[in-house]
Amino acid sequence: MLVRQRDALLFEIIRQEPAGSPLHPFELGHFRFTYGSSRIDTTESQRLAHMVHLSLQDLSDGLLSIAEGAKGFLMMAVASSFELDVRRRRDKVDLSAGSSCVEDIPLGELLNTVATTTSEHLAQQSCPVPAPPILRDLEQSILKLKSVAHARRAS
């Protein structure tokens, strides 16, 4: 499990594979978002396990669209019944999944935390060589997300 906390926002990527096992593009796992006392946690139900790397790609792409002005997006986790509804309100973002919600997250903080956590997750795990295209694409999306997050902080 990799945890990244910045200010009050915590985003966790939780692998179901044994610690130290190589990354697999289609492996199942979970996400956990915590902001203040609010939480969205897919570990609460086994049916919410999803292909974390494909879901991270969708999350990254959706956050990039929000940073470019989209009002929101719905992330449908791959191989799961987990859906994350992401809505922008000016410079704040609300996340909801079922009856759980995390509200008023500063957009820049969300972008940076997801990008940094995902980048560290990929760097800390062993990966097949050459890396599968799904993991290479995810790395490229995360670089874009980091760039947008950095530009938001600089302005």
Salt bridge flag under 4.0 Å for residues Lys92 and Asp94: no
Leu107/Ile105 under side-chain contact (heavy atoms from CB on, under 4.5 Å): CA gap, chis, key distance, verdict: CA-CA 6 Å; Leu107 176 58; Ile105 304 168; over 6 Å; no
Heavy-atom side-chain contact between Tyr35 and Pro106 under 4.5 Å: yes
Partners meeting ring-ring contact (aromatic ring centres under 6.0 Å, His included) with His53 (sequence neighbours left out): His121
Heavy-atom check, side chain of Asn112 versus side chain of Lys146, under 4.5 Å: no
Separation between CZ of Arg87 and NZ of Lys71, rounded to the nearest 0.5 Å: 11.0 Å
Thr43 versus Arg32, side-chain donor and acceptor atoms under 3.5 Å: yes
Pair Thr117-Glu12, side-chain contact (heavy atoms from CB on, under 4.5 Å): steps then yes or no: CA-CA 7 Å; Thr117 300; Glu12 299 169 78; over 6 Å; no
Lys144 atom NZ: more than 12 heavy-atom contacts under 6.0 Å: no
Intermediate values then yes/no, side-chain contact (heavy atoms from CB on, under 4.5 Å), Ser81 and Leu48: CA-CA 6 Å; Ser81 59; Leu48 298 179; 3.5 Å; yes
Rounded distance [0.5 Å steps], CZ in Phe11 versus OG1 in Thr113: 9.5 Å
Stepwise side-chain contact (heavy atoms from CB on, under 4.5 Å) check, Glu83 with Leu74: CA-CA 7 Å; Glu83 295 178 357; Leu74 181 63; 4.1 Å; yes
Side chain to side chain, Val78 and Asp58, heavy atoms closer than 4.5 Å: yes
Inter-residue atom distance Ile40.CD1 - Asp85.CG, 0.5 Å rounding: 9.5 Å
Donor-acceptor under 3.5 Å (Arg88 side chain, Ile66 main chain): yes
Atom of Ser141, atom of Asp61 and distance for their closest heavy-atom approach: OG-OD1, 3.5 Å
Gap separating the CG atom of Leu64 from the CZ atom of Phe73, nearest 0.5 angstrom: 9.5 Å
Leu84 vs Phe33 side-chain heavy atoms within contact, under 4.5 Å: yes
Distance-minimising heavy-atom pair for Ala79 and Met51: CB-CE, 3.9 Å
Whether Phe31 and His50 hold their rings parallel, tilted or perpendicular, with breakpoints at 30° and 60°: perpendicular
Closest non-hydrogen atom pair, Leu135 against Leu23: CD1-CB, 4.0 Å
Contact check, side chains of Arg47 and Phe82, non-hydrogen atoms, under 4.5 Å: no
Minimum heavy-atom distance Ala49-Ser80, with the two atoms named: O-CB, 3.0 Å
From CD (Gln57) to CD1 (Ile134), nearest 0.5 Å: 9.0 Å
For the student: nearest non-hydrogen atoms of Ala67 and Leu111, plus distance: CB-CD1, 4.0 Å
For the student: nearest non-hydrogen atoms of Ser21 and Pro18, plus distance: OG-O, 2.7 Å
pair Asp41-Glu44: side-chain heavy atoms closer than 4.5 Å: yes
Validation row: His30, Val52 side chains within 4.5 angstrom (heavy atoms): no
Heavy-atom side-chain proximity of Gln125 to Glu27 below 4.5 angstrom: no
Nearest-0.5 Å distance, CG of residue Leu143 to OG of residue Ser119: 7.0 Å
